[in-house]
A.B. asks: 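Before I ask anything, let me first share the structure, which is written out below as structure tokens.
The chains referred to below are lettered A, B, ... by the order of the sequence lines, with proteins before strands, and numbering in each begins at 1.
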Amino acid sequence: MFELSSPGRRAWSFARTDLPEWAAADLVPPEHLAPEPVALPEVSERDLVAHHTRLTHRQYSVDLGAYPLGSCTMKYNPKLADVAASLPGLARVHPAAPPSCTQGWLELLSELSRALAEVTGMAAVTLQPPAGAAGELTGLLLLRAWHASQGDTGRTKVVIPDSAHGTNPASVTLGGYEALTVASDHRGCVDLAALRAVLDDEVAGIMLTNPNTLGLFEDDIAAITAAVHEVGGLVYYDGANLNAILGVTRPGDMGFDIVHLNLHKTFAVPHGGGGPGAGPVAVTEALAPFLPGPLPARAPDGTYGWRTPARSIGRVHSWHGNALALARAYAYLLALGGDGLRRVAEIAVLNANWLRRRLGDHYDVPHDRTCMHECVVSAAGLKRRTGVRAADVAKRLLEEGFHAPTVSFPLVVEEALMIEPTETESPQTLAALADALVRIAEAASVQDHHAPRTTPVGRVDEVRAARRLVATFDARLPPTGGG
Amino acid sequence: MFELSSPGRRAWSFARTDLPEWAAADLVPPEHLAPEPVALPEVSERDLVAHHTRLTHRQYSVDLGAYPLGSCTMKYNPKLADVAASLPGLARVHPAAPPSCTQGWLELLSELSRALAEVTGMAAVTLQPPAGAAGELTGLLLLRAWHASQGDTGRTKVVIPDSAHGTNPASVTLGGYEALTVASDHRGCVDLAALRAVLDDEVAGIMLTNPNTLGLFEDDIAAITAAVHEVGGLVYYDGANLNAILGVTRPGDMGFDIVHLNLHKTFAVPHGGGGPGAGPVAVTEALAPFLPGPLPARAPDGTYGWRTPARSIGRVHSWHGNALALARAYAYLLALGGDGLRRVAEIAVLNANWLRRRLGDHYDVPHDRTCMHECVVSAAGLKRRTGVRAADVAKRLLEEGFHAPTVSFPLVVEEALMIEPTETESPQTLAALADALVRIAEAASVQDHHAPRTTPVGRVDEVRAARRLVATFDARLPPTGGG
Amino acid sequence: MAGYVPHTDAEVESMLGFLGLSSVDELFSVVPAALRLAGRPDPSGRRRFLDLPDGSAEPDVLAEMERLAGANLACAGPGVGAGHGLVCFAGGGAYDHEVPEAVRALASRSEYVTAYTPYQPEVAQGVLQALFEYQTMVARLAGLAVANASLYDGASACVEAANLATAVTGRPGVWLSLGVHPHWRATMATLAAGSGVELVDVPLDDGVTAWPQVAPDGVSPDPPGALVVAYPNHLGCLEDLGLARRVADTTGALLVVALDPVAAGLLRPPGEWGADVVVGEGQPLGTPLSFGGPYLGLFTCRLEHVRRLPGRLVGETVDTEGRRAYVSTLRTREQDIRRERASSNVCTNQTLIAVACGVQLAWLGTSGLRELALRCARATRYTRESLLALDGVEPLVGAPTLREFALRLPADPAVVVERMLEDGFLAGIALDADGGAGNGPGLLVAATERRTRSQIDAYVAAMDKVIR
Amino acid sequence: MAGYVPHTDAEVESMLGFLGLSSVDELFSVVPAALRLAGRPDPSGRRRFLDLPDGSAEPDVLAEMERLAGANLACAGPGVGAGHGLVCFAGGGAYDHEVPEAVRALASRSEYVTAYTPYQPEVAQGVLQALFEYQTMVARLAGLAVANASLYDGASACVEAANLATAVTGRPGVWLSLGVHPHWRATMATLAAGSGVELVDVPLDDGVTAWPQVAPDGVSPDPPGALVVAYPNHLGCLEDLGLARRVADTTGALLVVALDPVAAGLLRPPGEWGADVVVGEGQPLGTPLSFGGPYLGLFTCRLEHVRRLPGRLVGETVDTEGRRAYVSTLRTREQDIRRERASSNVCTNQTLIAVACGVQLAWLGTSGLRELALRCARATRYTRESLLALDGVEPLVGAPTLREFALRLPADPAVVVERMLEDGFLAGIALDADGGAGNGPGLLVAATERRTRSQIDAYVAAMDKVIR
Ligand SMILES: Cc1ncc(COP(=O)(O)O)c(C=O)c1O
Ligand SMILES: Cc1ncc(COP(=O)(O)O)c(C=O)c1O
């Protein structure tokens, strides 16, 4: 982009105007006026289009094929949701416009909240958090506010299992708590005895995801939530894995108090290369008064407005959350309905189990029992036999035209490959993916350290990137060819 | 696509309906009822999306880079025209709707006609022909009708230069005439003497493009049109090369009677992988009464309607031509305006001449004088020296990330490479293209017969395709890998 | 702006310098001065060469395009009642079908949109394979062996079919059913002036073609090269293709059938009836109404005629590595090679519309195409029965119909259409004596899968009011 | 349909067979029965597990979404007068700017839209390079060395800036100008409850921040870790960043500036004023109003703080062949590696919005960004002068403004906004005492490059009528 630049070239054009043409110096006091304009690329629209179109040809995506990244739920993102989210009546609405001109939006947000409450088995929902981690932090602040409301300010710790996603401990810290890690047991589940041993009146709560990060359903879940409640703690549900249990079981029924959802996983909001997502938080009746506000609310006359809960912790977003992402999720929800959501869970779980079984002869399966929406296999044996690690398998899979699974996570499994096929991959695609993984295992060799060789670039030097930081074009090294 | 199919799988869904659910047998008389449904692929929406997204990654396009195909004017297609053509108020209008509800369309078509008349220097325009060749045939039928109206039915021949595009002679035949070829002279232009020698009262007219297919301006043009008029013939302008002369000179001013335009070249209608285009025909006052109808017309009260010219040859399209392509061209015209059109010609010609000069030391330039919007160079010398032909150069250029020029055309130049950079390619892109062509010439070797090697597929076996025709999946050979 | 030209003044200077020129105007010195536009200086001193306004910025262009779009009454979606555009009951070869967003999204991928004709197959496998799939599906719809990669529209496909048939048989005569769309017939007549095809109109009898009596030995004074008949025809009626085939057999003509591709979801394929060439208008599959274009000419024929096939044909082959690959094939038929002896002059066709059609057909699949046809037929039946229940409304003809039908109204159809606009309905197409194929004025009505019961009921109620 | 699941019943059967199961329900036997939703049979006998309606087909979904969209008053384009949506004079951190179609088209390429976070750089060079370019341009806007790959929105960027500054200085106190957007301040307050950041509100004096007096030796009883100030601030005023820098220097605090990226086209970059961290709301560059999201948190800082940078950072490197390549770097800051000691918990950010912003900035280029800022400033000046000419309308504060300004009206601003809707204008944002940063109720007005003279004149005329 910067190399395409030529001084004075331009893509921009602005509408005809007949406003007075005050000069910059008439409009900006001298001490504030930029001495020179910001140096940006100067390119033609044609070159801009070619540049980015070419870049997209160097980018894998769900639309190009299977994306079995564990813990990420990379399912098909229906095109109809793209269209819904670009309707001018949704996309061109100012967030500070009074409710009298945003009734459609308020109804949408209100109905979406209701549906998410039903799916999770909770009482009330905030749609403000713009991603999962933001939802977690919101949840922890709710937990804090709730304890404070009980006059209980001595709790300093939040328990998390060792298999938890990194955002959990990080959010715990930002929520002002200390993270207390409990180990998983041999089944890959929370060790109930170990958990009981750490539970005391310093524990503010626990964060869990169920199915857990190994893709396993925590079957002691009722006992776990009861044990935490017993010591006065609250139980937080990380909803990143909700895809597995849609219409099957609900966090509320399991005894959870606070739930965040990743709409960019479970509800097919496209991931955008790393966002935007949406991380709504749902809570029990008891916690509802603490939710961030304002919330959409329906008046007795049927009109909608905003209402801030009585003891609200305050806002967690500049406006109303990632509204257009919420609109996409709502369109998806309408398309699927209750029946479609249940079907999602059924087929997501079927696909994952099929893969687990199919791969079992070629990879280690540390927890070889019915998994939920994803399965974790290990390349530990492969590594011992051939030197080929999980990361190499991942790179080889890129050569086969698939995206790689999640590797080296969860941390509790050596050489982990965490594979989440999702319900939108057909049996044929699953079979092709499995065949590729089997082929890779069977032909594993030291050559695989050099994979991938057929991708737009070869294996990338991550160490150099960190050691010799070049984070802007201005700090660039002299070109070394390619790209 | 067909391989992805699984019986019973589906992407489709239709709206809720509460109409009576008559069975097929209630609706279709038995002798008409299909014994079994049409066998189509049965795929999921997800797989359909992945399939076509992948296919697009196997396809070069203007949006990916330079496309210097001579005689094709592959310029940047502004995104704003895409949007304009998809406005529901244009895209969702039924072609048989009465004028009272299509005033916007009629105004658009009417204004576009006016602008094209101005650009060509002609009196009246039909927008019906859906492509250049259709425009040619329309023009020939106009010519025929005009002669008939003069009671002159003895004319049987239409003259075309040997360098003409293949559609010209084919259209002549379909217009009911015999094509009479005249040779070009050493300058690459129509040989005036040779032309005069064939002109007689059997000649109905001549078809020319100017600049001609060698990218050269026919500077005897006034004499040529006069000579044809002298024997009672009409002069037809193939507007495929109009990009070179926008705002510089006009067919009408040169003495042409009938002009077709390729809006998918000159007016940036994207080529769509081979259409749709639009091939409006513009004519002089004398020929206007013969135009196909109906034409958009403005009533004295300012409203628009349809009017069929008095002696119309009749329709040449099911409806009103490729309307949405016309809308794109109109948006482009509004964006460029008169000043922008002139600028197009200036820079298109500048780019072509720069390339001609830059390539002159490495390729033969049969007619090394100022060219217009394209230049024709020859690989004849290269072939003699190295065995590498124009077609090899083209394939090598694909490896360099560019589209190839037009090769083996015009037929009058041995080993022709016809290069049309267009005005939307920057000097940097031009330089890179030229560097690649120079590199190819300098490193030419027999290896080049195996190019391209880095494209989605290697050199394609065209002979086999024709010998063992497989034109549908049903007639397929057993798979041979790939694709 | 200014033509999307990237060049800065400095770059133009430097390029001119390389050419030894001092101004851009010098490039045009090869154009005789007398022919060069002189230009007039405008108030600002700049020369204007064309009598056109200066260019506009994107927002201004879009505002103007939106103004024009706003001056039309567009067809509304199924969920929308009167007041938000017209509810469309017009057909006549252009139908208001749903285009799924996935189809729209894929067909507007910029690689498909901004590619040229696939002259370099190595970098055009996307378009080529998409066309190959399209050809396969269209051939199956027709029940024939080969389809080309598209023609301009239904009319041009019909023209080419007549040209092919007259060339194959060496007979210029074409018996053209008046059930073929009047605009197609008009186009055929226009182009016949050049090609020498001799069209003989064949009238309808109660909605279906009344072929001339032919002596059983087929020896007729002027035997045709082709019979052309539409299925369903312009009045919506189902023609007897078996009869047409027998007439063709007796006279030695080829049978050309113009097929509606949506109705094809329920009908026995013309190929099974013995059609030699099947053409059609592809718009109903994947293309919005678009004020009549770009549409899509479907063209399929028996394998034996493939060397006379007009337009482009994609074939499967292999590359140097033996990998499957696609390429334009049998190119010697085409005008750029065979020139004046080409089977057709078609060069640019409607590729992108064909790609959209292929995507749409795959989205529908076996069961979806049938379901679509069924839903159209049901909506049409319901509309027809409801309208016929109105006082003074009668069928225009008696033959069975499927997805469209013609009525005789107790009022002038053109006036009815105009008045129904006020209620938010595009009531249909008013047929004059010609459009009604000689059956006098009538109203042609089609209801697609997008029409809901409440829309139809409201339409019928409005009609009831208007025709009184 | 049904969840876009491709599986046919036969395929499900066969997969279950492979697993030795006889029903899908058995897969869920690992879920304790007591927790499993039992489901209730519906009238058709099918079990319903959730109290939600059944799924709908695409046209029905779109019709419902269109109904909801139609129940909002959207902002109109520049060419459109009253009657076709609202003409927008509201800003307050969310501005009605043009998004060029090229930007929209590129940012909606499905590879960008449907990719995950670039964990596998070899197949993610598209997103990575686009982010690298974005980082470069945003850093230049701010006049600082590094930018991250985005945060959620302006508020979250401000929160992270405060967290970084308090971590760097080891001081929990943050002097927070009341000129910072009230929603951002509210968000900071919410999150401070967990992070322990201690916010001290600093009032405005006549529109600009009145920093506390600090002893010249800087020794204050409770020195802050950061000063946070907006440029321009929420009332549209240009803050004295030189003064802020001096206060920061004296107290040893970091200076955090919340920059409007469009105003940045005319303003001296905060980095040149000595800012340590510059944050901002990126919406004005490439993103429609979107009812407030997804928006874009801009975050830039001095190089020395890069190891505390929140969120993702793309760096340039090479691949095994020495070709240029991009990759997420300094990942040890991030939560998936450093876990509870991470510099931030951000994981998913706003990549696609950042990509759009990068495309938009490149579309504008050096001269375009300046031109955009100039046009906004002109429209704003014209609007301001016209409104001030009305009886009883006064500036709310006296400090100079650029692209937005606040007025005192002779009527209740909330009522004025409501009444102006009837005339087709979103008149601005009604400021209560808090939003007015203590200056009592007022109206906050912004006019972007999309506002034409005639729109502004009509707006002022309507305002004249409404405030009387
Ligand atoms: C288990 C789990 N929890 C939390 C998150 C965080 O969500 P987000 O990336 O939206 O912040 C993720 C996803 O990345 C996750 O997989
Ligand atoms: C010189 C010339 N004439 C005529 C044509 C035919 O135009 P079309 O392909 O639109 O039928 C072309 C383009 O292919 C051409 O280059």
A.B. asks: Report which part of Asp219(B) has an atom under 4.5 Å of a heavy atom belonging to chain C: side chain, backbone, both, or neither.
C.D. replies: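 Its backbone and side chain both get close to chain C.
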A.B. asks: Which residues satisfy the salt bridge (charged side-chain N to carboxylate O under 4.0 Å, His left out) test with Arg92(B), sequence neighbours excluded?
C.D. replies: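 Scan of Arg92(B) (salt bridge (charged side-chain N to carboxylate O under 4.0 Å, His left out), adjacent residues dropped) gives none.
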A.B. asks: Which bit of Glu122(C) comes within less than 4.5 Å of chain B, counting heavy atoms only: side chain, backbone, both or neither?
C.D. replies: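 Both backbone and side chain.
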A.B. asks: Quick check on the interface: out of Pro118(C), Gly315(C), Ala105(C), Ser110(C), who has the most heavy-atom pairs with chain B under 4.5 Å?
C.D. replies: Ser110(C)
A.B. asks: Just so I understand: if I count every heavy-atom pair under 4.5 Å between each of Ala327(B), Gly247(B), Ala131(B), Gly176(B) and chain C, which residue has the most?
C.D. replies: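 Most heavy-atom pairs under 4.5 Å with chain C: Gly247(B).
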A.B. asks: Please classify the contact between Ile429(C) and chain B as side chain, backbone, both or neither, with a heavy-atom cut-off of under 4.5 Å.
C.D. replies: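 For Ile429(C), the contact with chain B is made by the side chain alone.
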A.B. asks: Based on non-hydrogen pairs under 4.5 Å, which of Leu16(C), Leu238(C), Val306(C), Leu421(C) is most in contact with chain B?
C.D. replies: Leu238(C)
A.B. asks: Distance from His264(B) atom NE2 to Asn322(B) atom CG, nearest 0.5 Å?
C.D. replies: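 Here the interatomic distance stands at 9.5 Å.
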A.B. asks: Considering only heavy atoms, which portion of Val113(C) lies under 4.5 Å from any heavy atom of chain B: side chain, backbone, both, or neither?
C.D. replies: both
A.B. asks: Determine the interplanar angle of the Trp319(B) and His183(C) rings, folded into 0 to 90°, and report it as parallel if under 30°, tilted if 30 to 60°, perpendicular if over 60°.
C.D. replies: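 Plane angle over 60°, so perpendicular.
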A.B. asks: With Glu340(C), which residues qualify under salt bridge (charged side-chain N to carboxylate O under 4.0 Å, His left out), at least two apart?
C.D. replies: none
A.B. asks: Less than 4.5 Å to any heavy atom of chain C: does that hold for the side chain of Met1(B), its backbone, both, or neither?
C.D. replies: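 Both parts, backbone and side chain.
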A.B. asks: Which answer fits Leu402(C), side chain, backbone, both or neither, if we ask what part of it has an atom under 4.5 Å from a heavy atom of chain B?
C.D. replies: side chain
A.B. asks: Relative to chain C, which segment of Lys395(B) carries a heavy atom at a distance below 4.5 Å: side chain, backbone, both, or neither?
C.D. replies: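 Answer is side chain: those atoms of Lys395(B) sit under 4.5 Å from chain C.
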A.B. asks: If I measure from the heavy atoms of chain C, does Pro452(B) come under 4.5 Å with its side chain, its backbone, both, or neither?
C.D. replies: side chain
A.B. asks: Would you call the rings of Phe291(C) and Trp105(B) parallel, tilted or perpendicular, taking 30° and 60° as the class edges?
C.D. replies: parallel
